[in-house]
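Heads up: the structure comes next, in structure tokens.
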Amino acid sequence: FPQKGFSLAWEFHGGRAAVRTDTGLGYIDTTGKLVIDSRYSDAGEFKDGLASVRLNGSNLYGYIDTNGSSVIPPRFTFASSFSEGLAVVTLDNGKTVVYIDRTGKTILSPGIPGAGAFHEGLAAITADGKTGYIDRTGSVVVKPRYDFGGSFCEGMAAVQKGKKMGFIDRSGSEVIPLEWDEVNNFSEGLARVKKNGKADFIDKTGKIYPLQSDSVYAAYFHEGYAAI
């Protein structure tokens, strides 16, 4: 970058990338210019035009815009990135989990100890150590029964019981049986899976597309190709 003095730099999101200087975390633009002063101890990714930040010396999070202006004042003990217009935040020293909109207004109070970001209109929740899913009204659409539940992608979410993984659809039906040791999200209609050390791809019906190599590092498809 044209400007020196960055000990760490993260990926760009929304035209801004977090960087670390000797005074803390700030943000640069795509030219490498420091456009938001490095005065934060934690600095999230810009999503939906906002990023969660925590000022040096503070224990509370708020949100700033890409100019560095405070949009939602610091009052949260945790604050996630925005996704589909909502962010997960905690109040009361982490005792209360709610979803807020870009103005800071509470939109949804699920009343459970753990909640994730919305993807394709559904969000993972955790209760009594098990994971399920809610919709944007807060209604439980998949009861918490899994040891792990990923984000929905292309209408499917990876779930796990014990040591085996598979996929559910938006209704909670296990459309890909939980028989895999590892699974990745679907991308362009295919998902990378692994069993007994061997990686393959499957489609949404569960049909297996064997890899024509011994690679166990098969990745996501993007524009018709996947690294192996």
Side-chain angles (χ1 to χ4, degrees), residues 13-14 44-52 60-63 71-73 75-180 183-191 193 202-206 220:
H13 294 274
E45 299 172 350
F46 276 95
K47 297 291 182 68
D48 293 349
L50 299 179
S52 63
L60 298 178
Y61 287 86
Y63 289 86
V71 176
I72 303 174
R75 64 176 187 271
F76 311 114
T77 50
F78 168 82
S80 76
S81 297
F82 274 86
S83 177
E84 299 185 4
L86 297 176
V88 183
V89 298
T90 59
L91 304 163
D92 305 324
N93 292 320
K95 297 177 182 178
T96 305
V97 178
V98 301
Y99 289 88
I100 60 170
D101 65 14
R102 295 178 71 256
T103 70
K105 179 183 177 182
T106 296
I107 301 299
L108 188 60
S109 300
I112 43 86
F118 276 94
H119 294 277
E120 298 186 359
L122 297 177
I125 58 167
T126 302
D128 298 324
K130 299 295 181 180
T131 298
Y133 294 86
I134 59 172
D135 63 19
R136 291 177 68 95
T137 70
S139 298
V140 176
V141 295
V142 180
K143 292 182 179 180
R145 60 178 182 266
Y146 296 103
D147 298 320
F148 165 83
S151 300
F152 272 86
C153 184
E154 297 189 6
M156 311 271 269
V159 292
Q160 180 175 356
K161 283 184 178 179
K163 295 183 178 181
K164 295 299 180 179
M165 304 186 72
F167 289 89
I168 60 171
D169 63 15
R170 293 174 57 84
S171 72
S173 297
E174 293 179 2
V175 289
I176 304 294
L178 279 67
E179 61 185 23
W180 303 96
V183 301
N184 283 14
N185 283 342
F186 275 89
S187 174
E188 300 185 7
L190 296 174
V193 295
I202 59 171
D203 65 17
K204 292 182 181 180
T205 70
Y220 298 96

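- At least one donor-acceptor pair under 3.5 Å links the side chain of Lys204 to the backbone N or O of Glu154.
- Rounding to the nearest 0.5 angstrom, the gap separating the CE atom in Met156 from the CZ atom in Phe167 is 6.5 Å.
- When all heavy atoms are compared, the tightest approach of Gly166 to Leu178 is N-CG, 3.6 Å.
- Atom OG1 of residue Thr106 and atom CG of residue Leu91 lie 6.5 Å apart, to the nearest 0.5 angstrom.
- Every residue was checked against the side chain to side chain donor-acceptor pair (under 3.5 Å) condition with Ser83, not counting sequence neighbours, and none meets it.
- A 4.5 Å side-chain heavy-atom check between Asn185 and Phe152 finds every atom pair outside the cut-off.
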Trace of the side chain to side chain contact (heavy atoms under 4.5 Å, CB included) decision for Leu108 with Leu86: CA-CA 9 Å; Leu108 188 60; Leu86 297 176; 5.5 Å; no
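- No side-chain heavy atom of Val141 sits under 4.5 Å from any side-chain heavy atom of Arg170.
- With rounding to the nearest 0.5 Å, the separation of NZ in Lys47 from CD in Glu45 is 4.5 Å.
- Residues that satisfy the ring-ring contact (aromatic ring centres under 6.0 Å, His included) test with Tyr61, not counting sequence neighbours, are absent from this structure.
- Evaluation of the ring-ring contact (aromatic ring centres under 6.0 Å, His included) rule for Phe76 yields no partner, not counting sequence neighbours.
- Residue Lys161 places its NZ atom among more than 12 non-hydrogen atoms of other residues, nucleotides or ligands, all under 6.0 Å distant.
- Between atom CG of residue Asn184 and atom CD1 of residue Ile202 there is a gap of 10.5 Å, rounded to the nearest 0.5 Å.
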Check against side chain to side chain contact (heavy atoms under 4.5 Å, CB included), Asp147 and Lys130: CA-CA 5 Å; Asp147 298 320; Lys130 299 295 181 180; 2.5 Å; yes
Check against side chain to side chain contact (heavy atoms under 4.5 Å, CB included), Thr126 and Ile112: CA-CA 7 Å; Thr126 302; Ile112 43 86; over 6 Å; no
Candidate pair Val159 and Thr131, rule side chain to side chain contact (heavy atoms under 4.5 Å, CB included), full reasoning: CA-CA 9 Å; Val159 292; Thr131 298; over 6 Å; no
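- Across all non-hydrogen atoms, the minimal contact from Ile125 to Pro144 is CD1-CG, 4.2 Å.
- Looking only at side-chain heavy atoms (C-beta outward), Glu174 and Ile168 come within less than 4.5 Å of each other.
- Within 6.0 Å of the CG atom in Asp92, the count of heavy atoms belonging to other residues, nucleotides or ligands exceeds 12.
- A heavy-atom distance below 4.5 Å is not found between the side chains of Arg136 and Tyr99.
- Contact of the Ser52 side chain with the Phe78 side chain is not registered, since no non-hydrogen atoms from C-beta on lie closer than 4.5 Å.
- A pairwise comparison of heavy atoms in Ala123 and Gly116 identifies CB-O, 3.4 Å as the closest pair.
- Glu120 places a side-chain N or O within 3.5 Å of a backbone atom of Gly155 that can act as its donor or acceptor partner.
- With values rounded to the nearest 0.5 angstrom, Asp101 atom CG is found 7.0 Å from Ile72 atom CD1.
- Rounding to the nearest 0.5 Å gives a distance of 11.5 Å between CZ of Arg102 and OH of Tyr63.
- Between the side chain of Ser151 and the backbone N or O of His119, no donor-acceptor pair lies under 3.5 Å.
- Looking at every heavy atom in both residues, Tyr133 comes nearest to Ala157 through OH-CB, 3.7 Å.
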